[in-house]
Amino acid sequence: MAKIFTYKEESLDFFSYIKRAKLDHPDSVDIVDAKSWLYEYDESTLTETERLNIVLCVLKWGAENNCLDDWLSDELYLYYEDFVNGKLDDVIDPEERDDVVRDLTAAFNKAFPNGLEE
């Protein structure tokens with residue numbers, strides 16, 4: 001049976017990964033370290049829900065640490081835009097909806113204080 005990547009489990013895995021990275025170089029954990037965690041996954045095997053759960057961990061951390069690069073900023077912007085337009089309604093796991101929406105919104109508001117620009 002294939003592993004299902006829930007947001008809660010991925011958040012725990014991601015923050016454990018970041019803690020290990022801080023042990024290796026305590027003064028310089030950055031977005032490169034965070035993004036390297038994404039390379040542990042074969043994106044072609046993930047469902048849309050699993051991809052959102054995995055990427056959102058990095059987006060949240062990057063926004064909180066003011067270190068999103070262009071690619072992650074674009075991902076965050078597009079995910080939030082899709083959320084606002086209802087395109088993630090079938091993607092977000094109903095059992096984790098509150099946590100995903102809270103973290104997606106918080107990351108977006110931190111990274112884009114002016115909101116969605118047209």
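Separating the CD atom in E40 from the CG atom in D13 is a distance of 9.0 Å, to the nearest 0.5 Å. Within the model, atoms CG of L104 and CG of L52 stand 7.0 Å from one another, a figure rounded to the nearest 0.5 Å. Atom-to-atom distance recorded for E10:CD and L56:CG is 11.0 Å, nearest 0.5 angstrom. Distance check, rounded to the nearest 0.5 Å: CD1 of I92 to NZ of K87 gives 14.0 Å.
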- Message: K110 vs N66, test: side chain to side chain contact (heavy atoms under 4.5 Å, CB included). Steps then yes/no.
- Response: CA-CA 8 Å; K110 175 95 170 144; N66 295 317; 3.4 Å; yes

- Message: Run the ring pair (Phe, Tyr, Trp, His ring centres under 6.0 Å) test on F5 and Y41 for me, step by step, so that the C-alpha distance in whole Å, both residues' side-chain angles and the decisive distance to 0.1 Å come before the verdict.
- Response: CA-CA 10 Å; F5 302 98; Y41 298 91; 5.3 Å; yes

- Dump the intermediate steps for side chain to side chain contact (heavy atoms under 4.5 Å, CB included) on I54 and F14, then the final yes or no. CA-CA 8 Å; I54 291 165; F14 176 73; over 6 Å; no

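R102 pairs by the salt bridge (Lys or Arg N to Asp or Glu O under 4.0 Å) definition with D99, not counting sequence neighbours. By the side chain to side chain contact (heavy atoms under 4.5 Å, CB included) test, D42 pairs with S44, T45, sequence neighbours left out. Here T47 pairs with T49, E50 under the side chain to side chain contact (heavy atoms under 4.5 Å, CB included) rule; sequence neighbours left out. Take E43 and apply the salt bridge (Lys or Arg N to Asp or Glu O under 4.0 Å) test, not counting sequence neighbours, and it matches R51. Every residue meeting the side chain to side chain contact (heavy atoms under 4.5 Å, CB included) condition with N65, not counting sequence neighbours, appears here in chain and number order: W61, C67. Remark: R20 pairs with S16 by the side chain to side chain donor-acceptor pair (under 3.5 Å) rule, at least two apart or across chains. Listed by chain and residue number, nothing satisfies the salt bridge (Lys or Arg N to Asp or Glu O under 4.0 Å) test with D93 (two or more places apart in sequence, or in another chain). In this structure, the side chain to side chain contact (heavy atoms under 4.5 Å, CB included) partners of T6, at least two apart in sequence or on a different chain, are I4, K8, E9, E96.
By the 4.5 Å heavy-atom criterion applied to side chains, V91 and F83 are not counted as neighbours. At a threshold of 4.5 Å between non-hydrogen side-chain atoms, the residues V100 and E95 do not count as touching. Looking only at side-chain heavy atoms (C-beta outward), F15 and C57 stay at 4.5 Å or farther from each other.
Cluster annotation: L76 is connected to W71 through the hydrophobic network of ILVMFWY side chains, with a link wherever side-chain heavy atoms come within less than 4.5 Å. Under the 4.5 Å side-chain heavy-atom criterion for Ile, Leu, Val, Met, Phe, Trp and Tyr, V101 and V84 are members of the same hydrophobic cluster. Two different hydrophobic clusters hold L46 and L78 under the rule that ILVMFWY side chains link at heavy-atom gaps under 4.5 Å. When hydrophobic clusters are built by joining Ile, Leu, Val, Met, Phe, Trp and Tyr residues whose side-chain heavy atoms come closer than 4.5 Å, directly or via intermediates, L88 is grouped together with L116.
Annotation: D70, atom CG; neighbour count of heavy atoms from other residues, nucleotides and ligands within 6.0 Å does not exceed 12.
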Under 3.5 Å donor-acceptor pairs involving side-chain atoms of residues 30-38, not counting sequence neighbours:
| unit_1 | atom_1 | unit_2 | atom_2 | d |
| --- | --- | --- | --- | --- |
| D30 | OD1 | V32 | N | 3.0 |
| D30 | OD1 | D33 | N | 3.2 |
| D33 | OD1 | H25 | NE2 | 3.1 |
| D33 | OD2 | H25 | NE2 | 3.1 |
| D33 | OD2 | D30 | N | 2.9 |
| K35 | NZ | D69 | OD2 | 2.6 |
| S36 | OG | Y17 | OH | 2.5 |
| S36 | OG | D33 | O | 2.6 |

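Among residues at least two apart or in separate chains, there is no salt bridge (Lys or Arg N to Asp or Glu O under 4.0 Å) pair with a member in residues 76-86.
Across K60 and A107, no two heavy atoms sit closer than the pair CA-CB, 4.0 Å.
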